[in-house]
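So the structure is just underneath, and the comments pick up after that.
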Amino acid sequence: MVGAGSILTSFLLCGLFVLFVGAGVLALLPDRALRQAAYWRAEMLAALWGGIGVLAIVGAALRVEGGVSWCPVFGLDGPALPMLVLLAFTGGMISQGRRGMACMLTGLAFLALSPLVFGLLAGTALVMLADRGRQGVCLPVAVIPACIPADSPLSPLLLCLMVLLLGWGVSSQKGPEAMLPAGIGLFLFGRLLAEVGILAPVQQTLLLLSGGAVALGGCVQALRAPYAARVASGLASAGFGALVVLLTLALGTSLEGMEQFRTATLLGAGAPFLAMLALLWLCRGETALDGPFFSPRSLVTELPAGRVLVGVAVLMLSGLPPLGGFSVLWCLLTAGELAAVSAQPVQALCTIMVLVGASVLMVLGLLGLLRVTLAALERQKMQVMQADAMPEGYGLLLLPAGLALAAAAVVGVLPGGWLALMDHLFVGTAPRDFSWRTLLSVWFVDTSISFTPLFCVLALLVCVAAAVAVERVLGLYPFRHPQAVRAEWQEAGPVVAHGGAVMAAPKADPVLLWTMLLVFLGMEKQKPASWPVVEKTAAGGRYIRSVLFRTVAWCEAQGMVLILLFLGAGLVWGLFANK
């Protein structure tokens, strides 16, 4: 008898197989084989990877797991489907060539039930991503832990080697393909740690040091790399190392806040993953070491919308409230507090040291993000003069980054739905079911503490609106007006006229919050005062302000009369209230 579950599993598995094979074939076929359809290759690949993402979301939402008798090598389990959702975004950006083939092999490796098949497919994908000869030899060694028993005493040591090798593989890429080794490592590391359980203190220390070394190396690369693609790869490597540390604290230790560390890992694999994917896409390029920071004809240098998307991606990754990395930081602080309070003194001290190290790494990552942001805002230094014009449809290349950032914003605003989708990515203490009541909040299974990012969004919007209103209406600025620097003899010098025109002393423009916001949003060339809505709103505001001033002046003139009226009204109200 074939039940409904096996039919659904067979349908999803067959659909994923067909789409993966189609994406791999389409990525490698030459243009002459496709003929006139070669012009639509990118659109067809995007449709195939979109179908893979839809099937993965449906399977993860319905919690379809298990294999089928007619194909015992591949199947569907908890960790595979949520990772395929993220892989679909990566595959849609990587598109064709051997990198697209590596993405297809990675997806099939996620579906492999046999460790040997996983090692073969994942190792082949890593070889395709290797840029140099040494990586082609060393990177396949990273998947050896999948082929040995999880309870082997060599497993923790090989996991450390895997983390170091895959961190090296992530940092050497120059585009969205940097997320492929990171996804392979995250998938395999979480699976093996879930099988091993609590590790010995020495093994825990080795895994934490390995993840910290990868994160530190990525941060150093982000601070020292001479161009944007290497900076973004360093930030991706730093994020991979941070997730390794979180996974070790969540699955390999006996701390009290394991559920909070696990939730931080699930959130870190959501909005920050997608935002990093968009940043890698915008900063991609093959640039020489002596070239400019951004590659020639970069999306950031040529298009104002590219600078806006870079700013959004940086905000998602910065850890500032309310979206993206801030939810991960909040979970990390909550978990650290619970772990330090409930642990033994030595263990609590080690936990605090780990959290302090994580804070230092976050500061270094912020400095790397600041390098990209400042370089994107300095137009005069980064624009490359070229005789030929931009090709038609060049702006459409921003669409993948826009879609990834839109998905990151949705995941950041609706963390409850994302956690319900990812609840079986790694083994936890209890399942996390979907609920409309917890859709907007980050919540834990074992405590009543929760955090709602949407409230922070509304609070920030209110603060920005209030600051802009105070600046525009009352003329109060949060910065001191800089004064023009002139020589002392000019203070009493005569006015010099040139051809009937009077030369005024140079005066520096004040640094306005409104101007800073316009520059960040790419709207500095537009004048909001010319918008009809703003003009009518300003006219209405001036009228209301004049009415308010006249009312206050009348009240000041008739102060004693108003006091007597209020006293009489209060006396009458008190008499009636007593009755």
**Report entry** Any Phe20 side-chain heavy atom under 4.5 Å of Thr106 side chain
**Finding:** no
Query - Leu139 side, atom CG; Met162 side, atom CE - distance, nearest 0.5 Å - result: 12.5 Å
Query raised in the report: For Pro115, which residues count as a side chain to side chain contact (heavy atoms under 4.5 Å, CB included) partner, sequence neighbours excluded?
Result: none
Query raised in the report: Considering residues at least two apart in sequence or located in another chain, which fulfil the salt bridge (charged side-chain N to carboxylate O under 4.0 Å, His left out) criterion with Arg41?
Result: Asp31
**Report entry** Pair Arg99-Gln173, side-chain donor/acceptor within less than 3.5 Å
**Finding:** yes
Query - Smallest separation among heavy atoms of Ala102 and Leu180, with atom names - result: C-CD1, 4.1 Å
Requested in this report: Provide the full list of salt bridge (charged side-chain N to carboxylate O under 4.0 Å, His left out) pairs with a residue in residues 44-55, sequence neighbours left out, each pair given once.
Outcome: none
**Report entry** Contacts of type side chain to side chain contact (heavy atoms under 4.5 Å, CB included), residue Ala112, not counting sequence neighbours
**Finding:** Phe74, Val117, Phe118
**Report entry** Ring centre gap for Phe294 and Tyr227 strictly below 6.0 Å
**Finding:** no
Query - Side-chain donor/acceptor of Ser155 to backbone N/O of Asp151, under 3.5 Å - result: no
Side-chain donor/acceptor pairs under 3.5 Å, residues 266-277, sequence neighbours excluded:
none

**Report entry** Which residues share a side chain to side chain contact (heavy atoms under 4.5 Å, CB included) with Ala182, sequence neighbours left out
**Finding:** Val170, Phe240
